[in-house]
Amino acid sequence: MVATVYTVGNFKGGVGKTKIVTMLGYDNAVIRGKKTLVLDLDPQANASQILAKTANIDNIERTVTQGLQENDFSICITPIVENLDLIACDTGFRSFNKYVLKNFETEEEQINVLNKLIEPLKANYDAIFIDVPPTISEFSDNAMAASDYSIIAFQTVIESLDGVAKYVGYQNFMVERYGIDLQIIDIIPCMVEPDDSLDKEILNEARELYGNVVSENVVNYQKRLRRYSSEGIYIQKYNNGNYDQWDFNAHNIFTNILNELEGRKNYLTDEMEA
Ligand SMILES: Nc1ncnc2c1ncn2[C@@H]1O[C@H](COP(=O)(O)OP(=O)(O)OP(=O)(O)O)[C@@H](O)[C@H]1O
Ligand SMILES: [Mg+2]
């Protein structure tokens with residue numbers, strides 16, 4: 001097994017990045033039964049909190065900060081549910097930037113700090129999903145250098161679409177400057193109100209700009225998805241064997257996205273080899 005590494009980004013805050021990372025991580029593990037790691041690189045630690053609640057863990061002892069200090073990420077892995085592990089973040093990770101600049105000399109070394117630490121973990125997972133803060137920083141540079149693919153989250157508001165453009169531009173710059181092997185695999189609309197005409201307009205604009213890189217699978221605004229942020233992620237099954245309808249809807253869209261990613265990955269790999 002060699003994990004495929006995905007970073008979910010957008011240089012605009014609050015657009016659904018963490019939602020996508022946590023749901024794709026959970027569903028890849030729980031529904032598809034694949035060994036999955038979520039790596040939280042955002043000092044706000046939203047993904048860590050959601051997954052800790054999912055596992056009923058009150059306090060995560062070792063985070064990415066300790067992993068970095070000890071130069072070994074295997075010491076900071078927290079199991080969440082079967083097949084799903086987390087490397088949590090904490091506010092201490094804010095000083096990653098300083099740490100990197102102090103300890104590594106060349107730019108090449110500075111952007112590859114996390115890449116080196118993630119490499120030995122890849123044999124244990126099918127997929128690694130990285131959550132990053134919405135800033136151009138050592139966090140995003142290191143996440144890009146460590147990833148095979150970018151998934152760009154966007155909300156159907158115009159600032160968020162600008163954030164997509166900035167992200168694409170910055171990624172192109174990183175690929176050219178450092179020779180990183182990184183492709184955009186999916187652009188996912190989040191929190192869409194299906195009946196809102198402005199949402200539809202912005203979705204159409206995104207499709208005009210980015211064609212079929214924009215996902216067919218639109219994540220609508222769903223109260224159940226918001227609830228998972230405060231209660232942790234779950235799927236309720238009734239005694240008659242049926243899933244709760246709202247849980248089903250919430251997980252179904254992300255399972256479809258995982259299938260889409262698989263198909264796109266195969267297509268992109270074939271294209272590279274051809
Ligand atoms: N499809 C959705 N339906 C309902 N609520 C959602 C949906 N997607 C995200 N949310 C909610 O919107 C808020 C912002 O989402 P999220 O934290 O994923 O954004 P983010 O891009 O990671 O933000 P940040 O830039 O601060 O890291 C959260 O409260 C989350 O629960
Ligand atoms: Mg987030």
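Whatever order the structure lists them in is the order used to number ligands and atoms, beginning at 1. What you see is a predicted model, and the numbers here were worked out from it, not measured in a lab. If you read the sequence from its start, that first residue is 1, and numbering goes on from there.
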Side chains of residues 246-253: which donor-acceptor partners sit under 3.5 Å, not counting sequence neighbours?
{"from": "Asp247", "atom 1": "OD1", "to": "Arg224", "atom 2": "NH1", "distance (Å)": "2.8"}
{"from": "Asp247", "atom 1": "OD1", "to": "Tyr228", "atom 2": "OH", "distance (Å)": "2.7"}
{"from": "Asp247", "atom 1": "OD2", "to": "Gln236", "atom 2": "N", "distance (Å)": "2.8"}
{"from": "His251", "atom 1": "ND1", "to": "Asp27", "atom 2": "OD1", "distance (Å)": "2.6"}
{"from": "His251", "atom 1": "ND1", "to": "Asp27", "atom 2": "OD2", "distance (Å)": "3.2"}
{"from": "His251", "atom 1": "NE2", "to": "Tyr228", "atom 2": "OH", "distance (Å)": "3.2"}
{"from": "His251", "atom 1": "NE2", "to": "Tyr234", "atom 2": "O", "distance (Å)": "2.9"}

Atom indices of ligand 1 within 4.0 angstrom of Ser229 heavy atoms, with elements: 30 (C), 31 (O)
Indicate, with yes or no, if Leu84 and Ile50 share a hydrophobic cluster defined by side-chain heavy-atom contacts under 4.5 Å among Ile, Leu, Val, Met, Phe, Trp and Tyr. yes
Taking non-hydrogen atoms only, is Asp42 closer than 4.0 angstrom to ligand 1 via side chain, backbone, both or neither? side chain
In ligand 1, the atoms that come under 4.0 Å of a heavy atom of Val15 are 19 (O), 20 (P), 21 (O)
Measure the distance from atom 8 (N) of ligand 1 to every protein heavy atom, then report the residue, atom name and distance (to 0.1 Å) of the closest one. Met191 CG, 3.4 Å
Heteroatom count (protein N, O or S) under 2.8 Å of the Mg ion (ligand 2): 1
Neighbour count >12 (heavy atoms, 6.0 Å) for atom CG, Asn240: yes
Taking the side chain from Lys17 and the backbone from Lys12, do they hold a donor-acceptor pair closer than 3.5 Å? yes
Under 3.5 Å: N/O of Thr18 near N/O of ligand 1: yes
What protein heavy atom lies closest to atom 26 (O) of ligand 1? Include the residue and the distance to one decimal. Gln44 NE2, 3.4 Å
Say whether Tyr6 and Asp186, considering side chains only, have a donor N or O and an acceptor N or O under 3.5 Å apart. no
Quick one: which ligand 1 atoms are inside 4.0 Å of a heavy atom on Val219? 1 (N)
Any idea which protein heavy atom is nearest atom 23 (O) of ligand 1, and the distance to it? Gly14 N, 3.0 Å
For ligand 1, is there an N or O atom under 3.5 Å from any N or O atom of Pro134? no
With the threshold set at 4.0 Å, does a side-chain nitrogen-carboxylate oxygen contact exist between Glu107 and Arg177? yes
Verdict with reasoning, Phe139 to Phe93, per ring pair (Phe, Tyr, Trp, His ring centres under 6.0 Å): CA-CA 10 Å; Phe139 304 106; Phe93 199 61; 5.5 Å; yes
Under 4.0 Å from a heavy atom of Gly13: give me the atoms of ligand 1 that qualify, with their elements. 25 (O)
Under 4.0 Å from atom 20 (P) of ligand 1, is there at least one protein heavy atom? yes
Is atom 13 (C) of ligand 1 near the protein, in the sense that some protein heavy atom lies at less than 4.0 Å from it? no
For atom 18 (O) of ligand 1, the closest protein heavy atom turns out to be Lys19 N, 2.8 Å
Polar proximity ligand 1 side, Gln222 side, N/O cut 3.5 Å exclusive: yes
Residue, atom and distance of the protein heavy atom nearest atom 1 (N) of ligand 1 read Asn220 O, 3.1 Å
N or O contact, Lys17 vs ligand 1, cut-off under 3.5 Å: yes
Any N/O pair Val132/ligand 1 closer than 3.5 Å: no
Measuring from non-hydrogen atoms of Gly16 to any atom of ligand 1, is the shortest distance under 4.0 Å? yes
Do you see a donor-acceptor pair shorter than 3.5 Å between the side chains of Asp131 and Thr18? yes
Would you call Arg32-Glu262 a salt bridge at under 4.0 Å N-O? yes
Check for me whether Asp131 has a heavy atom closer than 4.0 Å to any atom of ligand 1. no
